[in-house]
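For reference, the structure is listed below as structure tokens.
All values derive from a computational prediction rather than experimental measurement.
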Amino acid sequence: VTCGGSSGRSGETDIWSLFWKQLTLLGSNGCAHREFDDIMNLLLQRKLRSIIDRTFPLSETREAQRYLEDRKAFGKVLIVND
């Protein structure tokens, strides 16, 4: 089991061990469609809210990317039109 997939799309796996031990690799996006619908309904009812860490203007997209890569964010980072 791996956690923290939001840190990137790639993860290192020893594929030979997978074959040799006859293991199964299973992926999941973390929720079922019904759970997603339930969460969306809570958001629409304003019972939940997103945590916005920081907002960057479009002209500072490069800095926003660096901010994310440096793992400085706690919550969402938004890019807004200048």
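- The closest side-chain heavy-atom distance from L43 to I39 is below 4.5 Å.
- Applying the ring pair (Phe, Tyr, Trp, His ring centres under 6.0 Å) test to residues at least two apart or on different chains, none of the pairs has a partner in residues 21-53.
- From E60, atom CD reaches atom CD of Q65 across 14.0 Å, with rounding to the nearest 0.5 Å.
- In this structure, L23 is a member of the same hydrophobic cluster as L25, with clusters built from ILVMFWY side-chain heavy atoms closer than 4.5 Å.
- Residue pairs that meet the side-chain hydrogen bond (donor to acceptor under 3.5 Å, both in side chains) test with at least one member in residues 14-24, sequence neighbours left out, are D14-S17.
- Residue F56 shares its hydrophobic cluster (ILVMFWY side chains chained together at separations under 4.5 Å) with L58, Y67, L68, V77, I79.
- Within the model, atoms CD of E35 and CG of D38 stand 7.5 Å from one another, a figure rounded to the nearest 0.5 Å.
- Side-chain atoms of D53 come within 3.5 Å of backbone N or O of F74 as a donor-acceptor pair.
- Taken to the nearest 0.5 Å, the NZ atom of K47 stands 6.5 Å off from the CG atom of L42.
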